[in-house]
Chemist: 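Following this message is one structure expressed as structure tokens.
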Amino acid sequence: MTGHILLKGENIKKSYGHVDALKGVDFTLKKGEILALVGDNAAGKSTLVKILSGAISLDFGKIFIDEKEEHISNPAASRALGIETVYQQFALVDNLTVYCNVFLGRLINKKILGGIPILDKRKMQDESWKVINLMGIKFDSVKRKVSDLSGGQRQAVAIARALLFNPRIIILDEPTSGLAVKEVNKIQDIILNFKDKGISVIFISHRLESIFATADRIMVLRSGVKVMDEENDKITSKDVVEKMFAIEHKK
Amino acid sequence: MNLKNILLHSSALAILALGMSLVMLTNGIDLSVGSLVSLVSIVTAGLLGSKFGVLFAIFSGILTASFFGIFSGIIISRIKLPPFIVTLGTMVITASLALVLCGGETLYWEKNWFNTIALKYFFGVPILFCIVSIFFILIMLLIHYTSFGSYIYGIGSNEEALRLCGVKVKLYKTLVYLLSGCFASVAGIMLTSRIASGNPIIGMGYEFEAIAAAAIGGISFIGGKGNPAFAFLSAVTITMLTNGLGLMGFTTPWQYCGIGAILVFGMFLNRILAKVSLPER
Amino acid sequence: MRRNDILLRFALLIILAILIFLVNPNFGKPANLINILRQGALLYILAIGMTIVILTGGIDLSNGAVLALSSCVAAIAMERGLPIMVGIIISLAIGMICGFVNGVLVTQVKIPPFITTFAMMYFARGLAYIFSHGRIIYGFEKSFRFIGTGNIFGIPMPVIFSLLLLFIFYIVLEYTSFGVNIYAVGSNSESSRLVGINVKKVRIIAYLLSGFLSAFAGLIYTARLNAAEPVVGASFPLDAIAAVIIGGTSIVGGEGNLFGSAIGVLICTVIINGMNLMGISSLWQQFVIGSIILIIITTQTYTKSAKINIPILRSRKIESFEK
Amino acid sequence: MTKKIIILFLALLFVGAILMAGGAKETKVEKAALFAKMIFIVKSMDNPFWDSMIEGAKEAAKDLNIEIDALAPIKPYNVEEQLRFMEEGITKGVDAIIVVPADSRGIVPGIEKANAAGIIVVTPNTKAAGGNVVTWDGAANFDAGYEVAKYILSELGGTRKKVIYLEGTPGNQTAYDRKEGAMKAIKEANATLLASQTAKFSRIEGQNVMENLLQQFPEIDCVITGNDEMALGAIEAIDATGRLDEIKVTGFDGNNDAKRAIKEGRLMVTGDQRPDAQAYWGVVAAAMALKGMPCPKEIYLPAPLITKHNIDQYLK
């Protein structure tokens, strides 16, 4: 059910001053696969995500997409490669409306009076309304300001932003933190839905039950090093926890 | 130029920069200090002419500025309005009050010992600078050895965390603006003694200079970072350089350009120093 | 900005106007109302630039000095016999250069906007003195003066210009990607960066526009006064900031709009006009404006936190969210 | 890319700074067997008036073979900065300080310090309220303000005596003196003062305030102002309503624009302060005192009124 290797990282290193966040990590992501990224705080998960999304640049290493080496120098480049990221704090702009947030960075213009670019608000409203409704999260209007929304709704806006542009890879950084159980289930459904559409997903979470419910493969990072990379059905949550906290070494 | 003059001339700006750096450490700003200087000058000078005596006049001056400091502080901490807006409000209000109180005229009084404060030297150091130094030492002690000091930094970097720890954030914020007001009154009294009269526009522009001195001294505009000692030093340096421009024979237009260049260059230097001393994040 | 914030300010403006009118009926004369608009026009053009810069989370203390510099250089150019159009272009170019330098210093060298524009204020002022040798350049051609003193259908040119700019920049802010990006950058610059907005470019353009508008105001000023002087405009930055703040633009950025600023400018102009008419000592002008800043912002905070429930305003709010 | 911009900018900054240093040196007065060293401090640089004063002082310096440094406070009318210059001058050991006090009383401590150091002090234009000043020279603002107001009121004559006064910057000594002088004349002439508002010595303020007042008062006979700038602004405002024929405007200072306006018949009268002469005679008085020659305590330079009758001799 999973296809060829879509994304590959080789020996990725990144340090902040004297702190090495990633000490040479290799990883792969197949087409249509859900990869869960697990690790304790400061294990390097977020750094890896930021590198892939173009928020920071790597110090060393290579990234291949469809076997072609790519340089992801900024967020726009990442999005152009078909990688969409849903950040932990959603990266929403509170003072703007829902539809502006969905299209932020790629607003749709229409030309009037022979070439003056004007925002096509109607189109953006319709399209964001469609995408958000597809996810099945309750919404009254896309003209609301984001600051008026609940946590689940905000998450929906952030995911809608990722979904709208037919991405090949979606990265979700802690999509379920701070949500109610009902909303968590919803998000899990949405993630599985991605898979059905053939979108690859990288999924970071502390919530192991969500991971085991959705992921195909689980990768564990500890202090910037990959310590485990196994198929979901071959391991238990106990294995993951032991790897995360290096419990076996303390024996 | 000589050292005595530099110290004498930079006294007012130095103490204002000290107060401003405290406010800026809490992620605030105080635009009202300049007009408070003028208002204090008028209040003090007006009362020096009365029969209540010099100490009463000085005390009233300090009280006036403290009142406006507390006023700003309370509005900022309780009603949670942006410090920029609140102090802009108090700035124009106090500037206007200073003019209204004196009717646009300068005030003066019979010569007394108040006039000599600005003239005397203590082992070659101007008394005014001695006073400023005492405040400087007190603030350094406050910053480094009291809980108030760490709260100031705490409020600037994470106010919410401090509040959740049970720190009376509102109280300390108010106190910081009170201190800034007090320092403005000290500057106002010193300038009043220096010009031996009350002048309603004497403090004009000091607020921006104090902010610039604090910023060039490395106090962050978003709070929590910086050392008031450097703000103090940069105030002295800026005074020296700007005074120097005039005395080196730069005409006023070139002086304006020079000050602009000094500010930008100072800020640039500050950036480089910050990069050298700290690893980049 | 929410609709009830604008309504609050509009109500204040109307109440002020009615109060002044009751005390002094001369206030209501059409000629006086046109005066208010004409006097407010200059400040408003500066306030547009200030609003844009404040929306991105910055501030521009240099607009008065940039105005002086650009108008002096343009005046010198015209005095030397260059065509009026060339003078105008030179002036606008200088304004844009100053704004660009501000923007570059803020975004690339990462000097706080407050210090950058404060330094630019000194620098531009100094250059204005140097170019003009401190003298006032006086006397311009009729055709140039028309942009400051002319009328079309009885409406003064400065008013027409400010309305035109209000229209253009309203469209820019509300209906273009650049406008949305300005709000996004001011509201949350990190999020904006993460979704691929070129934050630095947006900021630089904001300062550039402020410089451009300062120069534009300078041209109108010169034409209206028939003189260009290097000293002009020391109080403009604070006047514009006060008007923008009274207009409800958030000083931390991301919230506010040009209509609010227009009302802010009108409130300030009406106060000064009213005090002139009533013969109240001008020493009190600043006092009133300062008080209004504090009162209006406090009221706004209270109505926002819904401690005070004004029925009309609240029903409006709900209405505006219906799809 | 970004780095290149930064480097380019810094390079420009440094070049600018070097040019600045060069420019500053050029303006210094040449030194050749100098007879004395003096500093000359004006109130501000926000008016061509101060430039004329500096010109006058430099001319005197050339004539008398004196080295003179001209200084002005960065913040307009800041008396504390003037004190700074005086103190620096005292430590540098100049022979005389010629200062135009931004504030009559605020300057006194500086004069007393100079006295204590045995340095001669001369205050052109504005009097100091204390200290031992060798000479004051200039037009008394009070008297000249009085003269201008008196002239215009007598010109109007008869019953037309509805007056508006435009004041200078609040808190400014000169503004205060001129206003008091004008008030005295208004009182003597039994004229009605409709309003007295500040226009902060500025042209645009003068125009704005006048526009507002024109709405308030249908009948105005004359507008007396504290300086030419405000007068010229007021004239623009009055002209726009077409009432310049009925409303007469007076100025003060006698700058070039004002002279032209008098020639054109738009401005009625201005007091010629002769700033260059004030400065010139100030330097001369200081030089005389240095040589031990007796010097009058006060030199009243006549501040002739410039009117349409004598304007031609001013416009050469």
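Lettering follows sequence order; numbering is per chain, from 1. Note that these values count all heavy atoms, side chains included, but never hydrogens, waters or copies made by symmetry. Model, not experiment: these values are computed from the prediction.
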Chemist: Quick one: what part of C:Leu61 sits under 4.5 Å from any heavy atom of chain B, side chain, backbone, both or neither?
Modeler: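 The side chain, not the backbone.
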Chemist: Enumerate, by atom name, each donor-acceptor pair separated by under 3.5 Å where one atom lies in chain C and the other in chain B.
Modeler:
{"unit_1": "C:Lys110", "atom_1": "O", "unit_2": "B:Arg271", "atom_2": "NE", "d": "2.7"}
{"unit_1": "C:Lys110", "atom_1": "O", "unit_2": "B:Arg271", "atom_2": "NH2", "d": "2.9"}
{"unit_1": "C:Leu283", "atom_1": "O", "unit_2": "B:Ser96", "atom_2": "OG", "d": "2.4"}
{"unit_1": "C:Phe287", "atom_1": "N", "unit_2": "B:Ser96", "atom_2": "OG", "d": "3.2"}

Chemist: Name the region of B:Leu31, side chain, backbone, both or neither, that has any atom closer than 4.5 Å to a heavy atom of chain C.
Modeler: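 The side chain, not the backbone.
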Chemist: Under 6.0 Å from the CG atom of B:Leu164, do we count more than 12 heavy atoms belonging to anything else shown?
Modeler: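 Result for CG/B:Leu164: enclosed.
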Chemist: Less than 4.5 Å apart, any side-chain heavy atom of C:Leu238 and any of B:Val92?
Modeler: no
Chemist: Kindly write out the residues that satisfy side chain to side chain contact (heavy atoms under 4.5 Å, CB included) with C:Ala124, not counting sequence neighbours, or none if the list is empty.
Modeler: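 Counting only residues at least two positions away or on another chain, C:Ala124 forms a side chain to side chain contact (heavy atoms under 4.5 Å, CB included) with C:Ala65, C:Val66, C:Leu69, C:Met120.
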Chemist: Hey, what do you get for CG (C:Leu294) to CD1 (B:Ile93), rounding to the nearest 0.5 Å?
Modeler: 5.0 Å
Chemist: Considering only heavy atoms, which portion of B:Phe208 lies under 4.5 Å from any heavy atom of chain C: side chain, backbone, both, or neither?
Modeler: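 For B:Phe208, the contact with chain C is made by backbone and side chain together.
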Chemist: Taking the side chain as every heavy atom from C-beta outward, state whether C:Phe118 and B:Ile211 have any atom pair closer than 4.5 Å.
Modeler: no
Chemist: Hey, which of B:Val100, B:Leu263, B:Ile262 has the most heavy atom pairs under 4.5 Å with chain C?
Modeler: B:Val100
Chemist: So which residue, C:Ile111, C:Val288, C:Val252, ends up with the most heavy-atom pairs under 4.5 Å with chain B?
Modeler: C:Ile111
Chemist: Can you tell which of C:Ile59, C:Ile241, C:Ile245 has the highest number of heavy-atom pairs within less than 4.5 Å of chain B?
Modeler: C:Ile245
Chemist: How close do C:Ile115 and B:Ala212 get, heavy atom to heavy atom, and via which atoms?
Modeler: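 Looking at all heavy atoms of both residues, the shortest contact is CD1-CA, 3.5 Å.
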Chemist: What part of C:Ile130 is in contact with chain B, defined as an atom under 4.5 angstrom from a non-hydrogen atom: side chain, backbone, both or neither?
Modeler: both
Chemist: Does B:Phe230, at its CZ atom, have more than 12 non-hydrogen atoms belonging to other residues, nucleotides or ligands within less than 6.0 Å?
Modeler: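 It does not: B:Phe230 CZ has 12 such atoms or fewer within range.
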Chemist: Any idea which of B:Leu81, B:Leu99, B:Val86 has the most non-hydrogen atom pairs under 4.5 angstrom with chain C?
Modeler: B:Leu81
Chemist: Atom CD1 of B:Ile75 and atom CD1 of C:Ile297: how far apart are they, to the nearest 0.5 Å?
Modeler: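 Taking CD1 in B:Ile75 and CD1 in C:Ile297, the distance rounds to 11.5 Å.
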Chemist: For C:Leu127 versus B:Cys257, what's the shortest heavy-atom pair and its separation?
Modeler: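 Smallest interatomic distance, heavy atoms only, reads N-SG, 3.8 Å.
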Chemist: Quick one, C:Phe123 and B:Val264 - any side-chain contact, counting heavy atoms below 4.5 Å?
Modeler: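 Sidechains of B:Val264 and C:Phe123: no contact.
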